[in-house]
Amino acid sequence: MFFEKLYNKNKDHLFSFIRRSIQDESTALDLLQDTFLNFFKHYTNKELPDEQVSRMILFRIARNLMINHGKSYYQKNVALVGEETSSLFGSKAQGPESQVIEEMEAQNLGKILSELLATLPEEQKTAIELRYSQSCKLEEIAQVLDLSVSGVSRLLERAEKHLLQEGKKRGFHPSSFLKH
């Protein structure tokens, strides 16, 4: 019963987390399944951690599986922003032309943010995604990355600074997206 509850409560968040790094949906689903299988295998005959700790363990397993997948296929394409990008742009105009323009702007923004994220080391990228895409607290990120809370704070600061500098080089200023 606990496993089923844990799966139902975390599957969408984990899939979203995985999907940001893995562009192929079927591969992302495979990694999601492997994440839960690894967790369930490990805790079959052991005492289960509480729900919050289990969630962080699941994110850590997913992160490690994504790293392994990326290494084995040498894929460095990152999809940070998907459908939720359209919510960044208010729907001010009416006609189909304006919708096409808004979609193009959203796709361009997603591409720019993906390119900027791809310049970060894996640990910084994961921290940024957990903080801003999954709204995780510093304590939760610390558990996933196996760092101290202050270490996560410094890691996020370095990542944000790098994104700002890299964005400025490219004529894009992501600072408005880093406000949390």
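Using a distance-only test at 3.5 Å, with no hydrogens or angles considered, no donor-acceptor pair links the side chain of R63 to the main chain of M66. Looking at R131, its side chain does come within 3.5 Å of a backbone N or O of C136 through a donor-acceptor pair. Between the S54 side chain and the D50 main chain, a donor and an acceptor come within less than 3.5 Å of each other. Judged by distance alone, with hydrogens and angles left aside, the side-chain atoms of S133 form no donor-acceptor pair with the main-chain N or O of L130 at under 3.5 Å. Not one N or O on the side chain of S153 forms a donor-acceptor pair closer than 3.5 Å with the backbone of V149.
Between V144 and F59, the shortest heavy-atom distance links the atoms CG2-CB, 3.6 Å. The heavy-atom pair separating A127 from L145 by the smallest distance is CB-CD1, 3.8 Å. The two residues S135 and E140 have their closest heavy-atom pair at O-OE1, 4.5 Å. When every heavy atom of L116 is checked against every heavy atom of T119, the shortest pair comes out as O-OG1, 2.5 Å.
The list of ring pair (Phe, Tyr, Trp, His ring centres under 6.0 Å) pairs with a residue in residues 36-57, not counting sequence neighbours, reads F3-F40, Y7-F36, F36-F40, F39-Y43.
Dense packing is recorded around NE2 of H162, with more than 12 heavy atoms of other residues, nucleotides or ligands lying under 6.0 Å away.
One distance of note links CD of E160 with CD of Q124; it measures 10.0 Å at 0.5 Å rounding. The line from CG of L32 to CG of L14 is 6.0 Å long, rounded to the nearest 0.5 Å. Note that CG of D34 is 8.0 Å distant from NZ of K41, once rounded to the nearest 0.5 Å. If you take CZ on R55 and CG on L6, they are separated by 10.0 Å, rounding to the nearest 0.5 Å. Between the CG atom in L29 and the CZ atom in R19 there is a gap of 8.0 Å [rounded to 0.5 Å].
Residues T126 and F17 are in side-chain contact: their nearest non-hydrogen atoms beyond the backbone lie under 4.5 Å apart. Between L58 and H13, every side-chain heavy-atom pair lies at or beyond the 4.5 Å cut-off. Contact annotation: the side chain of L65 approaches that of N38 to within less than 4.5 Å [non-hydrogen atoms, C-beta and beyond]. Annotation: side chain of L156 is in contact with side chain of L138 (closest heavy-atom distance under 4.5 Å). Between E25 and F15, some side-chain heavy-atom pair lies under the 4.5 Å cut-off. A 4.5 Å side-chain heavy-atom check between E129 and S21 finds at least one atom pair inside the cut-off. In this structure, the side chains of Q134 and I141 stay at 4.5 Å or more apart for every pair of heavy atoms.
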Check against salt bridge (Lys or Arg N to Asp or Glu O under 4.0 Å), E122 and K125: CA-CA 5 Å; E122 189 65 38; K125 182 172 53 175; 3.4 Å; yes

Full working for side-chain contact (heavy atoms from CB on, under 4.5 Å) between L147 and E123: CA-CA 11 Å; L147 296 172; E123 191 172 49; 3.8 Å; yes

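Applying the side chain to side chain donor-acceptor pair (under 3.5 Å) rule to T44 yields no partners; only residues at least two apart in sequence or on another chain are considered.
Of the residues listed (N10, I57, N64, I61), the one engaging T35 in a side-chain contact (heavy atoms from CB on, under 4.5 Å) is I61, and it is the only one.
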